[in-house]
Amino acid sequence: MESLKEDAIHHTAMKLAEELKNLSIYKSFYSDVQKLVSSPNVKKEDFKHTLQQAMKEKGLDTKLRNTVFHWVRSQNKQNKLDPLTSLSKASAQWEKRIHKSLNSMCSDLETSLAKVRSQSEQEDLSNKWNELSTYNLDLTKYRPVYAPKDFLEVLLTLSGYVPFTKEGEPKWEFAHLPLQVKNLDQLRKIYVEWTNGEPLLGVNPNMPSAVSGFSTIEAERIGLGERVTALGYAPVIQEYLKKGSPQCLRAKLWAQVLGADVGAQQTAYFNRLKKSVLEVDLMIDKLIFKDVQLTASNDDQYFVFEDLLYQVMLCFSRDSDVLQNLRGCIGNPLNVTIKGKQTSADSITVFPPSGIIPFHGFTMYATPFCYLYDDPVQLYFIFRAFYIRYWHKLHYISTHPQGIVSLCLLYERLLEANEPLLWIHFRNININPIRVVFKWIMRAFSGHLPPDQLLLLWDTILGYDCLEILPLLALAILSFRKENIFQVNNIQNVDAVLADLSTISVIPLLQLTLMKPQ
Amino acid sequence: MNADTKKLISNQYGRVNAPPIERCRVNFCTDMEKSVLMSNFERRGWNQVGQDDEWNFYWASTQTCRNLFSVESGYRMNDNQIINHFPNHYELSRKDLLVKNIKRYRKELERESSPIAEKAEVVLPGGQVGTRYVHLDFIPVTFVLPADYNMFVEEYRKSPQSTWIMKPCGKSQGTGIFLINKLSKLKKWSREAKAPFHPQLSKESYVISRYIDNPLLIGGKKFDLRLYVLVTSFRHLKAYLFQLGFCRFCTVKYDTSVTELDNMYVHLTNVSVQKHGGDYNNIHGGKMSVENLRLFLEGTRGRAVTEKLFSAIQWLIVHSLKAVSSVMANDRHCFECYGYDIIIDDQLKPWLVEVNASPSLTSTTVNDRIMKYKLIDNMISVVLPPDGIPDVRWNKTPSPEAFGNFDLLIDEELLEKEEMASTGRSFKGHKSRN
Ligand SMILES: Nc1ncnc2c1ncn2[C@@H]1O[C@H](COP(=O)(O)OP(=O)(O)O)[C@@H](O)[C@H]1O
Ligand SMILES: [Mg+2]
């Protein structure tokens with residue numbers, strides 16, 4: 001028995017070692033270890049032990065552990081082939097519609113999806129790289145390819161793809177999709193620290209600390225957080241984030257838990273992305289400009305970061321690593337010929353290289369990071385890591401338990417079970433309850449909550465490594481505003497009751513929802 | 001924990017109309033029918049009356065207020081009347097007098113050998129060594145022209161590389177301001193203005209200040225802070241800082257090159273200037289909240305430096321008020337809300353630029369309106385006694401529930417009491433100076 005187990009561990013270790021060789025950090029890591037081996041600290045007689053010790057001292061041990069952690073997390077992707085073929089069919093059709101709309105926008109505007117930028121255009125763009133808000137573009141004719149509203153319409157038709165199973169089941173839109181979602185009690189088991197009423201950051205920073213040596217909960221969290229970030233061990237940081245990070249440590253902790261630290265390699269990579277933005281004009285660039293303008297530029301919380309966001313979003317569209325990482329999750333992007341480059345060997349490009357077509361508000365997935373990083377490269381890699389791990393799930397159709405379909409379903413089930421009167425009210429006034437919260441969920445509340453609250457919410461996403469907190473928060477907000485909702489009977493007025501979330505304190509609201517009534 | 005949670009969430013319902021406050025008969029008078037004012041007065045169920053009627057609460061322009069207090073008017077206020085300006089607020093709000101008062105205050109403290117007036121040597125940009133106050137160096141070096149012209153030239157020679165900013169003493173909203181990087185430019189200006197530097201002859205006086213050429217930039221743009229400070233008494237000093245101040249951003253990237261020296265969209269943060277620029281956005285109006293500034297600084301620069309900056313700002317406000325407290329006519333009928341203009345430099349040091357006695361109550365955006373509405377609302381509840389009727393016999397000690405979004409900056413009376421209660425314990429920097 002024991003030996004069997006050992007065999008298995010050995011096997012896994014071998015597999016891991018093979019995999020590590022393919023990672024980008026391998027080369028530098030290997031040479032660091034080599035250097036260490038030749039240092040006097042490592043003794044031939046006691047090779048294994050002294051090497052381990054030396055690796056610990058040099059921090060290579062933590063680096064190795066973190067690498068394994070990040071690698072494992074990147075592996076346990078859900079079933080690559082969706083079991084619900086109907087959903088994949090729907091998602092393929094949706095993708096086709098998007099592509100068609102891109103193409104027709106192109107022909108209407110008499111432009112091409114991809115073309116080489118002229119020398120003068122390249123220079124102009126390059127000169128204005130740090131203040132792209134002054135880069136003159138006529139965008140009046142460009143429209144976002146789709147908005148959350150359009151995407152919701154598509155999701156609402158999904159039930160049509162699934163054969164009706166049971167008679168008598170309510171005909172709520174997602175309800176008869178054969179997907180498993182959790183109920184509130186099951187969520188309580190995930191967010192167990194919250195459910196148990198443990199003190200969290202984001203409630204009252206001046207609450208007395210239970211730990212000796214600290215006067216307030218905030219001081220306690222800062223003290224602990226400083227130790228955790230110095231240790232730099234990703235799983236510990238993840239654990240720490242469950243109860244919220246102080247703003248002053250957040251930038252560091254988030255980068256560490258996502259393995260998104262920036263070094264020379266990342267800077268060089270970002271510069272390559274920038275170069276490809278300068279060289280080739282993709283129609284999507286206009287959409288990106290438009291989206292930043294429609295969102296961040298007009299928002300008093302984000303307008304100061306406008307120029308940073310142009311850079312980050314443009315570079316993101318050129319990042320083929322995104323496509324690599326999300327293969328199987330985001331459909332099949334177009335291949336198009338770059339106009340003006342037809343004769344050369346690299347005349348075909350994936351459109352866009354990242355595979356991601358932005359929707360109205362897409363920039364909001366990146367804006368809150370501006371409160372943590374003022375360097376575009378750091379901002380970029382954090383945003384990218386978040387996108388690859390979480391955000392793409394919010395705007396692609398899949399059966400993933402963290403995917404938008406499951407999250408919507410979860411929201412509906414939670415509402416029905418926990419706020420039955422509200423549920424009935426919605427039915428009576430003939431509003432599908434998902435409509436009033438959908439944009440919150442799809443944008444992970446970005447642009448809806450003030451940045452300090454949003455960052456606390458996103459701590460939780462990282463800490464528990466799941467998105468179920470989004471529908472739960474939607475439920476909690478509805479539940480706390482229900483008296484006002486009961487008083488109105490059309491969608492405009494419900495929207496008005498829910499329009500201003502600036503007074504919401506996210507953490508206490510969520511914790512109250514999770515804590516069992518006494 | 002539970003109690004905290006419940007208290008916090010009880011405050012977050014949607015946009016519900018605030019409950020009308022119990023009606024009490026306050027007669028108000030105003031010569032500015034600004035909507036943030038009127039809606040507050042209406043919500044309180046107050047009754048509007050004319051200047052010659054029996055008013056209790058007067059929201060007046062500085063001019064009206066001065067007239068009212070002038071000897072000629074012969075007006076005597078009764079105990080149930082309060083008004084929103086101190087008669088000689090200009091000691092604080094006129095650019096030249098503010099500087100004079102602060103300079104005098106520093107000298108006085110120095111004479112008393114107060115530790116607050118400690119001095120140290122610093123290396124000036126030009127390489128020369130000068131002395132600066134360690135704790136009271138919060139206004140850029142400033143001279144009044146034409147009176148201090150020779151002193152200015154002396155200072156100018158110490159670092160001829162510096163840029164200076166010329167501001168007419170009696171104007172506001174950025175009018176008449178220009179930058180100077182050469183002495184010859186100042187001479188040329190004085191010739192053109194046909195006002196030779198003869199104190200008797202020139203009509204308009206100016207202040208010339210060292211230009212803070214290394215402001216903290218966000219997104220490459222210069223900004224300054226507009227903070228609201230409510231004073232209910234100067235002796236003892238009682239002052240409150242409103243938490244919801246904002247940053248006012250320039251619309252054009254900051255650029256120190258000489259060619260941009262005359263571009264006011266780069267250098268002046270006044271909304272009244274920026275709104276004429278082609279890049280002005282009237283949805284956000286170039287305004288970001290101070291709370292978000294703090295979030296940004298804590299996130300990108302860390303906590304210690306952010307805390308230090310904000311306490312330096314409070315320090316600066318308190319000492320600017322102490323600098324004028326001895327010369328202010330401390331009329332019990334008066335309170336005043338000042339608009340502080342503060343610039344933060346790239347070392348995160350705050351500089352006091354000026355103090356306005358009538359900060360704009362015009363709302364440029366939706367959020368601006370909400371904020372200014374709260375400002376007036378909170379102000380009224382701080383300056384009125386608990387029963388809601390103005391009464392100058394009240395001890396001007398509101399309960400913390402009345403503060404709203406105001407934080408107590410200083411209450412010398414309270415400090416004195418505490419000091420007496422615990423003799424031996426000293427309150428650094430808060431010593432009453434009467
Ligand atoms: N010493 C200075 N250094 C840098 N900028 C300054 C300085 N003084 C004023 N400014 C800028 O000019 C603007 C207007 O100056 P201020 O003294 O407030 O005059 P006004 O009464 O016209 O508003 C300020 O808001 C600030 O942006
Ligand atoms: Mg001003």
Side-chain angles (χ1 to χ4, degrees), chain A residues 130-131 133-134 197-200 202-204 206-207 217 222 246-251 297-309 369-375 450-452 455 476-477 480-481 483-485 496-509 511-512 515 518, chain B residues 1-17 216-223 246-247 249-255 278-289 291-307 364-368 370-371:
Chain A
N130 288 319
E131 45 180 334
S133 51
T134 63
E198 290 184 32
L200 307 170
V203 179
N204 168 10
N206 300 320
M207 179 164 60
I217 169 94
I222 291 176
Q247 169 72 355
C248 55
L249 296 175
R250 201 172 259 138
S297 314
N298 286 326
D299 187 322
D300 60 359
Q301 314 191 309
Y302 299 115
F303 73 93
V304 294
F305 308 118
E306 184 181 359
D307 286 333
L308 262 183
L309 290 164
F369 302 121
C370 296
Y371 279 95
L372 299 175
Y373 309 94
D374 50 4
D375 169 50
D452 62 323
L455 294 172
I477 294 173
F480 273 93
R481 296 227 169 132
E483 294 308 327
N484 297 52
I485 297 175
V497 169
L498 299 174
D500 180 15
L501 302 188
S502 65
T503 54
I504 294 281
S505 295
V506 167
I507 305 301
L509 196 57
Q511 189 165 33
L512 215 73
M515 274 161 55
Q518 288 112 6
Chain B
M1 137 100 264
N2 272 342
D4 272 323
T5 309
K6 287 201 178 109
K7 204 164 90 200
L8 262 168
I9 48 140
S10 68
N11 198 10
Q12 41 191 322
Y13 291 94
R15 274 218 182 96
V16 247
N17 290 331
L216 174 66
L217 305 179
I218 300 182
K221 287 170 182 145
K222 176 177 171 175
F223 66 96
F246 57 90
C247 310
F249 278 83
C250 286
T251 49
V252 178
K253 288 246 150 144
Y254 190 64
D255 182 341
D279 296 318
Y280 182 75
N281 175 306
N282 53 20
I283 300 176
H284 54 67
K287 293 176 180 175
M288 178 171 114
S289 72
E291 295 153 300
N292 280 342
L293 172 68
R294 189 194 273 264
L295 189 73
F296 171 76
L297 290 176
E298 235 180 276
T300 56
R301 304 282 186 110
R303 187 178 168 86
V305 289
T306 307
E307 297 278 290
T364 54
T365 66
V366 178
N367 284 341
D368 206 32
I370 297 173
M371 184 273 291

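Lettering of chains follows the sequences in order, A, B, ..., and the numbering in each one begins at 1. All values derive from a computational prediction rather than experimental measurement.
Listed options B:V252, B:T300, B:T306, B:L297 were ranked by heavy-atom pairs under 4.5 angstrom with chain A; first place goes to B:T300.
A:T134 does not touch chain B: none of its heavy atoms, backbone or side chain, sits under 4.5 Å away. For B:N292, the parts lying near chain A are the backbone and the side chain together; criterion is any non-hydrogen pair under 4.5 Å. Contact annotation for A:L455: only side-chain heavy atoms (C-beta onward) come within less than 4.5 Å of a heavy atom of chain B. Residue contact with chain B, scored on non-hydrogen atoms closer than 4.5 Å, involves the side chain of A:F305 exclusively. Proximity to chain B (any heavy atom under 4.5 Å) is shown, for A:I485, by neither the backbone nor the side chain. Looking at A:D375, neither its backbone nor its side chain comes within 4.5 Å of chain B, counting heavy atoms on both sides.
Sorted by first and then second residue, the pairs that involve residues 292-301 of chain B and meet salt bridge (Lys or Arg N to Asp or Glu O under 4.0 Å), not counting sequence neighbours, are B:R294-B:E307, B:E298-B:R303.
B:H284 and A:F303 have parallel rings, their planes meeting at less than 30° on a 0 to 90° scale where 60° marks the start of perpendicular.
The CG atom of B:N367 sits 8.5 Å away from atom CG of A:D500, with the distance rounded to the nearest 0.5 Å. Atom CG in A:N298 sits 12.0 Å away from atom OG1 in B:T365 (nearest 0.5 Å). Rounding to the nearest 0.5 angstrom, the gap separating the CG atom in A:D374 from the CD1 atom in B:I218 is 9.0 Å. Here NZ of B:K253 is found 3.5 Å from CG of A:D307. Values are rounded to the nearest 0.5 Å.
Considering all non-hydrogen atoms of both residues, B:L295 and A:P451 come closest at CD2-CB, 3.7 Å. Of all heavy-atom pairs between A:A251 and B:G299, the closest is CB-O, 4.0 Å.
Shown here are the salt bridge (Lys or Arg N to Asp or Glu O under 4.0 Å) partners of B:K221, two or more places apart in sequence or in another chain: there are none.
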